[in-house]
Amino acid sequence: MNDMTPTREQREAKLEGMGCKRKRVEDIRFTQGRGNYVDDLKLPGMLHGDFVRSPHAHARVKSINGDEALKVPGVLAVITAETLKTVNLAWMPTLAGDVQMVLADGKVLFQNQEVAFVVATDRYAADDGINKVVVEYEPLPPLIDPFKAMDKDAPVLREDLAGKMTGAHGPRKHHNHIFEWTVGDKDLTDAAFKKADVTIKEMLSYHRTHPSPLETCQCVCSFDKIKGELSIWGTFQAPHVIRTVVALIAKIPEHKIHVISPDIGGGFGNKVGAYPGYICAAVASIVTGKPVKWVEDRIENLTATSFARDYHMTTEIAATKEGKVTGLRVHVLADHGAFDACADPSKWPAGFFNIVTGSYDFPTAHLSVDGVYTTKAPGGVAYRCSFRVTEAAYCIERGMDILAQKLGMDPAELRLKNFIKAEQFPYHSALGWEYDSGDYHTAMRKMMETVDYAGLRKEQAEKRAAFKRGETREIMGLGVSFFTEIVGAGPSKNCDILGIAMFDSCEIRMHPTGAGIARVGSKSQGQGHETTWAQIIATEIGIPADDIMIEEGNTDTAPYGLGTYGSRSTPVAGAAIAMAARKIKAKAQMIAAYKLEVHEGDLEWDIDGFRVKGLPEKSMSMKDICWAAYNSVPPGMEPGLEAVSYYDPPNMTYPFGAYICVMNIDVDTGVYKVRRFYALDDCGTRINPMIIEGQVHGGLTEAFAIAMGQEIRYDDDGNVVTGSFMDFFMPTAVETPHWETDFTVTPSPHHPIGAKGVGESPNVGGVPAFSNAVNDAFSFLGSTHIQMPHDFWRNWKAAKNLGVFA
Amino acid sequence: MIPGPFSYHRPATVADAVKLLSSLGEEARPLAGGHSLVPMMKLRLATPEHLVDLHGVAALKGISRSGNAIVIGAMATQHELLASDEIGQSLPILHEIALLIADPQVRYRGTIGGNVANGDPGNDMPALMMTLGASYRLEGASGARDVAATEFYQGAYFTALEPGELLTSISVPVPPAGHGYAYEKLKRKVGDYATAAAAVVLTMADGKVATCAIGLTNLSETPLLATDAAKAVIGTSLDPATLKKAAEAAVAIMSPAADARGPVEYRKHVGGIMVMRALSRAAACAK
Ligand SMILES: Cc1cc2nc3c(=O)[nH]c(=O)nc-3n(C[C@H](O)[C@H](O)[C@H](O)COP(=O)(O)OP(=O)(O)OC[C@H]3O[C@@H](n4cnc5c(N)ncnc54)[C@H](O)[C@@H]3O)c2cc1C
C-alpha cells in the first residue's frame, strides 16, 4: 500500500453512512428559498378556488344563491352540493369508515364548514365572489360538550345516519354515537380493583388542538380531457393512498391519476386525510377544463382541516400498598366532531390507544372507548403521533403521578418499581401488544443521575417550605415522564388503510458509474428523508450517500407506499430500503465473484466492496461492480443493478424515553418558567444523530405548546375562539425552553437495521412531562389533577382554587 | 384572508394627503405601517375603498427636541424610536415599551402615529402617551389643532380624529431628570398584545413619591389613566399596604373583556399586579 491509499476510517467516513451527522441535503435548496411547494406551482390558465364557509356551528341551509357572485369580474363558477351530486361527489368516504359532506348538503355541522366553492381567474376575485354568495341559514342548537352528546334530548346531528344503528365499527348506542371499542379482560380487571389496597380514579382530558404545519393544506388539480387523465399536486403525506381514494370515488382508472407531493412544509398528521378542497378543485378542473388551485389560509387550516386529540379519559389504577400496580381501567370519551374523519388504520377506531398500559407491567387491564359526534370540525388526526399513542401516554403518565401522590411515593420510584424489566422482552401487554425490546431501568436511572433528581427534590422541598412561610410566591414542579410508543404501522396482520396493507417500499437503481437513485414510498415533510435514506444505502452497499439520489412523492415513479406519519417511515420504509439494498448487494457479490474468479462464499464485505477472504489485496469496490453490472455479468445473469423491496414488518417497534421538566410558577400571575428540560430517547439504531436531535427539538417544542396553551377552543355557541396564531399558542424561539437531549440504544430485534423511529417521541413524551411538572408544583397545596392546557390564566385559577389568595 | 378591492394613493405633502382624505370622504383611510390596518383588511373587517399611503410625506418623519418637549413625527417607526439617542436619554420608557411591541419585523414598519391613532385598546403607546401628558397634532382641511392624549380616546377604534384629519406629530413633555419609570406588560408570547399592562412615571423626594402618573393598557375599551391609584401613592414610600391600595384603586376602573388571554377576573387581577410591579420598579430606578 502506498500513502495515497485511503485508510479504513477514511473509506468509512467517505460513505457518510449510518451514525454520521450528515448535513441535510435538502437544506441547500430550503435555505436558499429554492424549495418547490404546491403554492409555487403556476400552470398556464390556472384558476383559483376558495370556499364560502358556514358562520354557524349547526344550521339548516335553506338556500344558496351564487347569482351576484357570478357577476364579479373573474368569477367563473359557484359549485355547491347540488353541482357535486351530478357527479356523485357531494359526500366522500373518510378513512375511518364514515362519510363526510364535501359541501353542505342540507345543513352545516360545524363553524367554517365548506358550503360552496367559488372558482375564479385569481384568488382576489374568488374571495370577492365568496362575499357575494348569499346563503340562507336556519340556526339549530349547537352541541359542543361531548359529555352531553349522548343525552336523551341531544340534538340530532347526522340526519344521514337516521335509522342506521350499526356503524363501521359495530353498533351505535345513540344518534350521536359513532362506535364503542373495547379491549382487555373486564372480569379480571374488575377483580383486581376489588382486591386492591389502593385505587385512583381521575378524568384526564387531553384537549382539542391542531397540528398547524407552517404550510397549510393545498393542491392544484388539472384534468386533461383529451387523455382523460387527472394530475394532482398536493400537500399529501400519503400520495399513493390519495391516488387510490380518488380512483375509488371519482371512478377514474388509477393509472390515469398522477398524484405528486412536491416539497411539503410540515405535516404532523394534518396532511394525511382527504379534504373537501381536493375534491372541489378536482371537480372544478373537470368542469372548467383548466387547472384549479386551492390553498387554505391559516384560519381555514386551524378551524376546518383536521384537529387532533379531544380525548377525555377516565383513568383508574389499582395497586398494592407497596406500590405495585395490579390493574388499569380506562374509559375514553372521544370527540370526533361532525364526521368521523380520524386517520387511523381502518380496523382501529381509537388507533393504538391500547398501548395505554405504557411502560409498566400491568397484569390486567380493560379499555373502552366511545366515539361521539359534536358540532365541531371533523378529524382526530395523529398530530405527530402514532394513532392516539400521545393520548395514551398522557393518560398513563398522569395516572402514575396521581397514584404516586396517593401512595405518598416519589413518582420516579413508583415507575422504577413497575417497569417491564429488560429480561421480560419480548413482552406481551395486557391489552394485546408484543413489545419488541426495551431497557427502561437503565434509561430512567441515567436521566435521574444526569439531572441530579434527588437534588432537585431537595430544592423543591425547601421552596415549598419557603412558600408556606410566605417568603416566596413561586412554586416549583418536577415533571417526570417515561413513555413507550408503538410505531411503524404496520404488520399486515393488523394494519390496513381501506384494505391496503400498511407495508412500505423502495426501489434502488444503480447506474454504471456507481451512482444511483432510490425511490421510496414514504414522503418527507421535513424529516430529512433525502439525507437519511441515502445514509442507510451508503452503509448497506458501500456507495457514498452523496452519490445516491432519493426521490419520493411522485406516484408515477415511486413504488406504492403508505406514506409518512405515525413514525412509520424508518420502521417500515427504512426497512424496505435496507432490504432492497441487500438485494443489490447480493447480486453485486455474484458479479464480484465472477470478476475475481472466486466462489461467492470466498468473498467478504469490507466497507465499500468485496474482498477475497484471506487475500485482502484481491478486492472489487462497489463502484467497479456497478460498472461491471452493465458490461460483464456472469453468463445467464441479467445485466443491470436494481432491486425493489416491499416490506411488511413482522411487528411494530417500541421506542421509549425518559423525560423530565423542571418548572417554576408564579402563583400571582400564573406565569411559568421552564428551568430545565431533559429528554433521553431510545430509538434503537441511530441513523443520523443530528436529524434525531432536530426531530426531538421540534417535537418538544410542539409538546410545550400543547401542554402550556395550544388549543382549539369553542364557545358555547360553537364559535372557534382560537382560530388564528394570535390566540392559538404557537411559541416563538423566545418562549421555547432550552432542550437537553440524551440517548440510550436498544436496537429493535426484528428490524433489518435495528431502528425504531423517533419523530414523534418528543411530542408523545413531552406533553405529560410538562403537565406533570405543573401538577407536581401544585400538589403540595392539595390538588390531584389540573386539566391542560396550563396557560397563565388557568395556572392562576388553579392557585386561586387552592386558596393561595385567601 | 384576502382583502377586497381598493385604490392606492401616495401624496407627497401633508396638504395633499389632507386634501385626498377630505375629498375621498369616509371610504378613505391613511396607511402608515399597515401592521394594524392591513390585517383588518385581510379579514375584511376593514374595507376602505382608498388607501392614502403616508410614506411619501417627508414632513411626517423625524424626531426632534423643541424646548422642553420631544416632537415625534407620526411616521417615525418603532424601530426609529429605538434607534434614537434623544429618546433614549429623555424618554427612556419609550424605548422600554417599543421593545415590548411584537418583533423586529413589525417594529421596522409600525409607526408611532399609526399606533396612537388606531384606537385599539391593545396598543401600548396610547396609555404611555396619557401617562407622559403628551398631545397630538391633528391637521385637517380646516387647519391644525392639538388634542391631549387624555382627551383623544373615546372608545375602541373611536377617537377624536375627524374624518379627513391626519395625525401629524406627537409632542411629549420631557419628564424631570432622575424620574423613575417602568412598563410592566404581561403577554402570552412575543407578538401578543397585553393581557394587562401598566406604565408608571414618577419622581421621588426623600424616599417618598413626589409625583406619579399611571397608565393602563388593554384593560378597558380605551387606555386608562389611573388617577386615584397615582394619588394613593403620593407621599408614601410604596410600602406593601400602599401598593395594595394603589392596585385596588386601579382595578376599580378596569373593565377588560374576557378573551383567550383569560376571564375578566384574571385580567383585572393581573392588572393590579402589573401596577404594583411597575410602581416598585419605577421607584427603584428613580434618582
Ligand atoms: C403580530 C403583531 C403584533 C403586534 N403587537 C403589538 C403590541 O404588542 N403592542 C402594540 O402597541 N402594537 C402591536 N402591534 C401593532 C403595531 O405596533 C402596529 O404597527 C401599530 O399599532 C399601527 O401602526 P402602523 O403604522 O402599522 O399603522 P397602520 O396599520 O397603517 O394604521 C393603523 C390605523 O391608524 C390609521 N392611521 C395611521 N397613521 C395615521 C395618521 N398619521 N393619522 C391618522 N390616522 C392614521 C390608519 O388609517 C389605520 O386606521 C402588533 C402588530 C402585529 C402585526
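Bear in mind the structure is a predicted one, so any value in this text is a computation, not a measurement. Chain letters run A, B, ... following the sequence lines, proteins first and then strands; every chain starts at 1.
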A/F729 versus chain B, heavy atoms under 4.5 Å apart: side chain, backbone, both or neither?
-> side chain
Between A/M730 and chain B, which part of the residue has a heavy atom less than 4.5 Å away: side chain, backbone, both or neither?
-> both
Would you indicate whether B/L43, at its atom CG, is surrounded by more than 12 heavy atoms from other residues, nucleotides or ligands within a distance under 6.0 Å?
-> yes
What pairs with A/A284 under side-chain contact (heavy atoms from CB on, under 4.5 Å), at least two apart in sequence or on another chain?
-> A/I79, A/F117, A/V119, A/V292
Crowding at CZ, B/F158 (>12 non-hydrogen neighbours, <6.0 Å) = no
Please tabulate, one pair per line, the N or O donor-acceptor pairs under 3.5 Å between chain A and chain B.
| unit_1 | atom_1 | unit_2 | atom_2 | d |
| --- | --- | --- | --- | --- |
| A/D128 | OD1 | B/R44 | NH1 | 3.0 |
| A/D128 | OD1 | B/R44 | NH2 | 2.7 |
| A/D297 | OD2 | B/M1 | N | 3.0 |
| A/D666 | OD2 | B/R277 | NH2 | 2.8 |
| A/D668 | O | B/H269 | NE2 | 2.9 |
| A/T669 | O | B/Y266 | OH | 2.6 |
| A/M726 | O | B/R188 | NH2 | 3.0 |
| A/D727 | OD1 | B/R188 | NH1 | 3.2 |
| A/D727 | OD1 | B/R188 | NH2 | 2.9 |
| A/M730 | O | B/K189 | NZ | 2.5 |
| A/E735 | OE2 | B/V190 | N | 2.6 |
| A/W796 | NE1 | B/H269 | NE2 | 3.1 |
| A/K797 | NZ | B/E265 | OE1 | 3.4 |
| A/K800 | NZ | B/E265 | OE2 | 2.6 |

Does any heavy atom of chain A fall under 4.5 Å from the side chain of B/V190, the backbone, both, or neither of them?
-> both
Flag side-chain contact, heavy atom, 4.5 Å: A/I130 against B/I2 | no
